[in-house]
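Reading through the C-alpha cells given below for one structure.
Just so it is clear: chains get the letters A, B, ... in the order the sequence lines come, proteins before strands, and each one is counted from 1.
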Amino acid sequence: MTTRTADQARTGRGERFDPGTYEQQWRDRWETDGLHHADDADPKPKRYVLTMYPYPSGDLHIGHWYAATAPDIVARLHRMRGENVMFPMGFDSFGLPAENAAIDRGVDPATWTADNIDRMRSQFRTMGCMFDWEREVVTSDPSYYRWTQWLFLQFYRAGLAYRAMAPVDWCPKDQVVLAREQVEGADRHCWRCGTPVVKRDLEQWFFRTTNYADEMLGFEGLDWPEPIRLMQTNWIGRSEGAEIEFPVEADGAEPIRVFTTRPDTVFGATFMVLAPEHPAVASLTTPDRREEVEAYVGAARRQTEIERMSAEREKTGVFIGSHAVNPMTQERIPIWVADYVLPGYGTGAIMAVPAHDDRDYAFAAKHDLPIRYVVQPPDGMPEGQPFIAHSADEVLVDSGEFTGMPASEAIGAITRQLADLGLGGPAVSYKLRDWLVSRQRYWGAPIPIVYCPEHGAQPVPEDQLPVVLPEDVGFAPTGVSPLQSHEAFLKASCPICGADARRETDTMDTFVDSSWYFLRYCSPHDDQRAWDPEAVARWLPVDVYTGGAEHAVLHLMYARFFVKALRDMGMLSFDEPWIVLRNQGQILGVDHQRMSKSRGNVVNPDELVARYGSDAVRLFLMFIGPWDQGGPWNPMGIEGVHRFLGRVWHLALPEPEGGHAGALADEELERALRRATHATIAGVTADLEAFRFNTAVAKLMELANAIQHARDAGIGGSRIHTEAVDTLLLLLAPAAPHVTEELWARRGGAYSIHAQAWPEADPALAVADTIELPVQVDGKLRDRLVVTADTPAEEIERLALASEHVQRYLTGRAPRRVIQVPGKMVNIVTPDA
RNA sequence: GCCGGAGUGGCGGAAUCGGCAGACGCGUCGGUCUCAAACACCGAUGAGCGCAAGCUCGUGUGGGUUCGACUCCCACCUCCGGCACCA
C-alpha cells in the first residue's frame, strides 16, 4: 500500500510526516505505563465516561470509530483538567448471531464469540482511545453471567421477576415454538413445514418494569436529548381517566370494567367491545352466536399482537349476543368482540362512543350501530364524522344532569358521581408492559430456576451459581434451544426436598446483561459479589454516557428500571444510571446511503488507519458535521484533515539549527497571534464541552493557519509563537492523541501531553484591540469602520455618518434613527425607510 | 395518522442571545515548484450585472413582526427518525 503524506515530495524543511513511524509506539508506551488505568485510590475528582459496549459481531466498522472517538475526546479533556477519569470498554457478547453462526457454519458460539472479541479488541486498540482495558467485561463469561443470574434471583425474591402465560407462535405440526422471524407470509405459516401457526400461551418470565412507570416519567436532574425523553415518555404512555363498570344483562355475570380517558362521553356509549382474549367473551356469548364468535376469536388468536396492530384499519368484529347497561343512561347496549380492542391495555374492554372516537365511529358505521353525540362542537353538530373534543369550551348535550357543563369540568364531575355510585372512579393506564425477559434460546444467561414436581418453580441456591451453559451441545435449525435436549443440563434437584427437578431452559434477554454492566466496570474482577459497593458509590452514576438513539426505549429504559429496582432493594443509593446522555448519528456511505456489504459502500477503518494513521481517521470523523447527526463519508475529506495534521507537524517540529530562532519582534503580529491563541482556547473548550467537535476542529485549523501566517510574517520562534504552537498541540491532544504526543516529546515537553494541564484562556488577552464595525443603511451593509475597541458610541456614530457610502443614501439629510449594537454593528435609518 | 428532527454555495457544513450569511474543509479555477506529472505551497471562488467604483438577488415555499430575520410568528411543501387501533 502506498502511503501518501503531506510532504512526501518536498517542503525543504524538517522531517516528513508519517504517522506510521510513531503511532503504534505511543500506544504501546501508554499501555506499558498504565496511562489509561483509572485508579480507585486516586484522590482527584472522579469522572465516569462511558460509551455503549458493542456486540462482538466480527470486525470493527467505521461506526464503532465514530461512536468511540467522541467520548474518548471528552474523557481526555476531563483528564487534562485534573480529574480521575474512568473510561472502560467491554463486550455485550450473548445474543443470536453467535447461535446463527453455529447453526449455519457449525462453529461453537463460545469459540466464535471469543475469536470475534480478540479481533475487535486489537482493532479497538488502534483507535488510541484511553480505554481502561483492565476493567473489561465480557457478558458471556461465567464470571459475569454468574452475577446476572444472581441479580435475577434478587429480582425474584423482591417480587419483581415473575412467571406468567404469554402468547407465542406455535407450529402444531412440528410441535415447536417459533421465533418471530420463523413465521412467514401473510397467512403466517411455519418456515419449515408450511403449516399455519397458532398463538399459544406459554409460561414466560417477566420483570415488573411497570412498577416504575411513573418514576421513569421523571427526568429531573438529567441532561438527556429531548427526543429520547419524549420517546420514553410516549412509550410509557401514561393516560389519566376513569374505570367504569357496566352491568351485564345475564344471570350472575360480573359487570364489565372499562378504562376511558373520556368519562365525560359516557352518555354517548352505545355499545361495548371486548378484546378477543377477554375472559368474559366465552361466558357472555349466547348459544346462537357461539359458532361465529369462536371462529372470530380463533382467527384473531392466530395473529400476533404486532400484526393485529399494524393490519389494515378495517374494523372487524362480531356481536356476542349479550347486552350491558349504560350506567348513566340505563340503556341496553350490545356487547361485541373485535380485535381493535387490545387485551393488554386498560381492562381489555371498552365502552364505545362512536360520536367522539374515530375507531368507534368507524366500527359503528361499518356494523350499523347507533351514534349519539353528547358533546357539542362550537360550530354545530357534524354529519358523518366523529367529533373529538379538545378544548374546555365544548359543552355536554343530551347528558342528563350534566347537560350544559363544559367537557373539561364534566370529566371530574361524572367520575365523582360514578365513584359515589360504586361504579368506578379515577384511573391511570400505561402503554408500558412488563418486560418479557425469557428467551427460548441457547446463547444467553440461563435463568437460574429449577422445577420440582412437588414444589414448583424454585430459585437455584446462590452458592450453586453460575448455572453454566453446557458447551457440548448440538445445533440444528429446529428453532428449539439445544438446552431442551441436554440431559445433563436438564437434570437438577429441588433445593427444598432434594427430589429430581428439571432445570429451566430459557435464557435471559441480552438486555438484562447490559442493564448492569456499568456497575460491573467498577470492580470487574470481584468474584465474591456483583460489585464492590464502595467502588460503585465512588464512580456512579455515570457522568457522561454516549451511544445510539436506537436504544431509546430498550436499553436506556431497562437500565433505569434496574437502578431504581436495585435502589429499592437497598443495593444502590442513586436513582439514575447516567446523568448526561448524548447520541451519535450514523456515518453513511459516499452515496449517502446506509453502509452495507450489498451496496458495496462500506468504509474499512483498518485500511484508512494504515494509510493515514489513526489520528486522521478520528479527526475527520469528528469534522464531518455535528456528532449527533452523523453524515456521509467523504474520501477526499480525510485528505484535507491529513494535510492539516501535516501542517501541524511542520509547524511544531523543532526548528533545525538557524531556523526561525532569531525571529523579528513585531508587537502587532504577536498581539494578534496571542489573541487568536486565547480565543481558540476559549472556543475549543466550550465546543468540546458541548459535543461540538466539528467546530472545535475548525477552530484548531484556524489557529494553525494563524500560526503559519505569523511564522511566514517573521515571528516564528518568538516566545508568543512557541506558546501558540504548544497550545495548539494541547488543544488538539484529545482528538489526535498520537501526533500531539510525538510532537510534544520532540519539543522537549514532559511526558505525557495527555497528563498536562488543559490551557486556560485569559479573557483579557482574547479581546481584540481594534474591531471592524459593519455600517448598515436601512439594514443593508454599505461600509465598514475600523475603530479601537474603546471608541465611544458618539464617535462611532459621527464616523458612520461621515462615510461617503452612507452619505450616498443619506444625501445630506439627518438620519431618522441610528441604531448601535456595541461591538457588533451600526445601522442608519434614512427618512426613506 | 400522531410525536420528534432537519431543509443554507458544486459538496460536508458554520453563524451559541434578532445584528457583516457562507467560518472550517472538500471540489473547482489561476499561479509557484517540475523537463513533465503527481505531491506540496500561494491566491481566487454564492448567483447575476458592470472596465471599475459598485449595484441587484440570495438560507425549502408564501405571508407577517422588526431599523434589521437563516434565527421570532402564521400557513404550507419536502426529506429523515420514532410510534402506530393504547380507548
Legend entry - Euclidean distance, atom CG of residue A:Asp339 to atom P of B:A87 [Å, nearest integer]: 18 Å
Legend entry - Any donor-acceptor N or O pair under 3.5 Å, side chains A:Thr680, A:Thr677: no
Could I get a table of every N or O pair under 3.5 Å where one atom is in the protein and the other is in nucleotides 48-51 of chain B?
none

Legend entry - Closest listed nucleotide, where the reference is the side chain of A:Thr695 and the choices are B:C55, B:A87, B:A14: B:A14
Legend entry - Side chain to side chain, A:Val775 and A:Arg782, heavy atoms closer than 4.5 Å: no
Inset, instruction - Work out which heavy atom in A:Ile62 is nearest to a heavy atom in A:Leu621; give both atom names and the distance. - result: CG1-CD2, 4.0 Å
Inset, instruction - Please confirm whether A:Arg560 makes a cation-pi placement over A:Trp224, using NZ or CZ under 6.0 Å from the six-membered ring centre and within 45° of the ring normal. - result: yes
Legend entry - Base orientation of B:C17, syn vs anti, 90° cut from 0: syn
Legend entry - Charged N-O contact under 4.0 Å between A:Asp687 and A:Lys699: yes
Inset, instruction - Please identify each residue that fulfils side-chain contact (heavy atoms from CB on, under 4.5 Å) with A:Lys431, with sequence neighbours left out. - result: A:Tyr345
Inset, instruction - Could you summarise the pairing of RNA chain B as dot-bracket text, marking Watson-Crick and G-U pairs under 3.5 Å with ( ) or [ ] inside the strand and | across strands? - result: (((((((..(((......[....)))((((((.......))))))((((....))))..(((((..]....))))))))))))....
Report each atom pair, protein N/O against N/O of nucleotides 18-20 of chain B, whose distance is under 3.5 angstrom.
from, atom 1, to, atom 2, distance (Å)
B:C20, O2, A:Arg784, NH1, 2.1

Legend entry - Phosphate OP1/OP2 of B:C55 contacted by A:Tyr809 side-chain N/O (<4.0 Å): yes
Legend entry - Side-chain N,O (A:Ser239) to OP1/OP2 (B:A87) below 4.0 Å: yes
Inset, instruction - Indicate whether the side chain of A:Arg647 and that of A:Asn705 have a donor and an acceptor atom separated by less than 3.5 Å. - result: yes
Inset, instruction - Look at the aromatic rings of A:Phe363 and A:His367 and report parallel, tilted or perpendicular, splitting at 30° and 60°. - result: tilted
Legend entry - Modelled atom types, side-chain donor and acceptor of A:Glu639 and A:Tyr612, under 3.5 Å: yes
Legend entry - Pairing of A:Lys780 and A:Asp778 as salt bridge, 4.0 angstrom limit: no
Legend entry - Parallel, tilted or perpendicular: rings of A:His356 and A:Phe387 (30°, 60°): perpendicular
Legend entry - Spacing of A:Leu556 atom CG relative to B:G82 atom P, expressed in whole Å: 15 Å
Inset, instruction - Send over the distance from A:Leu645 CG to B:G25 P, rounded to a whole Å. - result: 13 Å
Inset, instruction - Have a look at A:His642 and tell me which of A:Phe17, A:Phe620, A:Trp649 forms a ring pair (Phe, Tyr, Trp, His ring centres under 6.0 Å) with it. - result: A:Phe17
Legend entry - Short side-chain N/O contact to B:G27 OP1/OP2 from A:Arg643, under 4.0 Å: yes
Legend entry - Length of the line joining A:Asp712:CG and B:U32:C1', which is rounded to integer Å: 14 Å
Inset, instruction - Would you please confirm or rule out a distance under 4.0 Å between OP1 or OP2 of B:A53 and any side-chain N or O of A:Arg808? - result: no
List, with names and distances, any nitrogen or oxygen atoms from the protein found under 3.5 Å away from nitrogen or oxygen atoms belonging to nucleotides 2-13 of chain B.
from, atom 1, to, atom 2, distance (Å)
B:G12, O2', A:Ile624, O, 2.7

Legend entry - Residue-level proximity of residues 698-708 of chain A to RNA chain B when a heavy atom falls under 4.0 Å: A:Ala698, A:Lys699, A:Met701, A:Glu702, A:Asn705, A:Gln708
Legend entry - A:Leu588 CG to B:C79 P, straight-line distance once rounded to whole Å: 17 Å
Inset, instruction - Measure the shortest side-chain to side-chain distance between A:Met216 and A:Leu432 over non-hydrogen atoms and say whether it is less than 4.5 angstrom. - result: yes
Inset, instruction - To the nearest Å, give me how far apart OH (A:Tyr430) and C1' (B:A87) are. - result: 17 Å
Legend entry - Gap in Å between the two C1' atoms, one belonging to B:G12 and one to B:G48, rounded: 26 Å
Inset, instruction - Answer yes or no: does a side-chain N or O of A:Arg594 lie under 4.0 Å from OP1 or OP2 of B:G81? - result: no
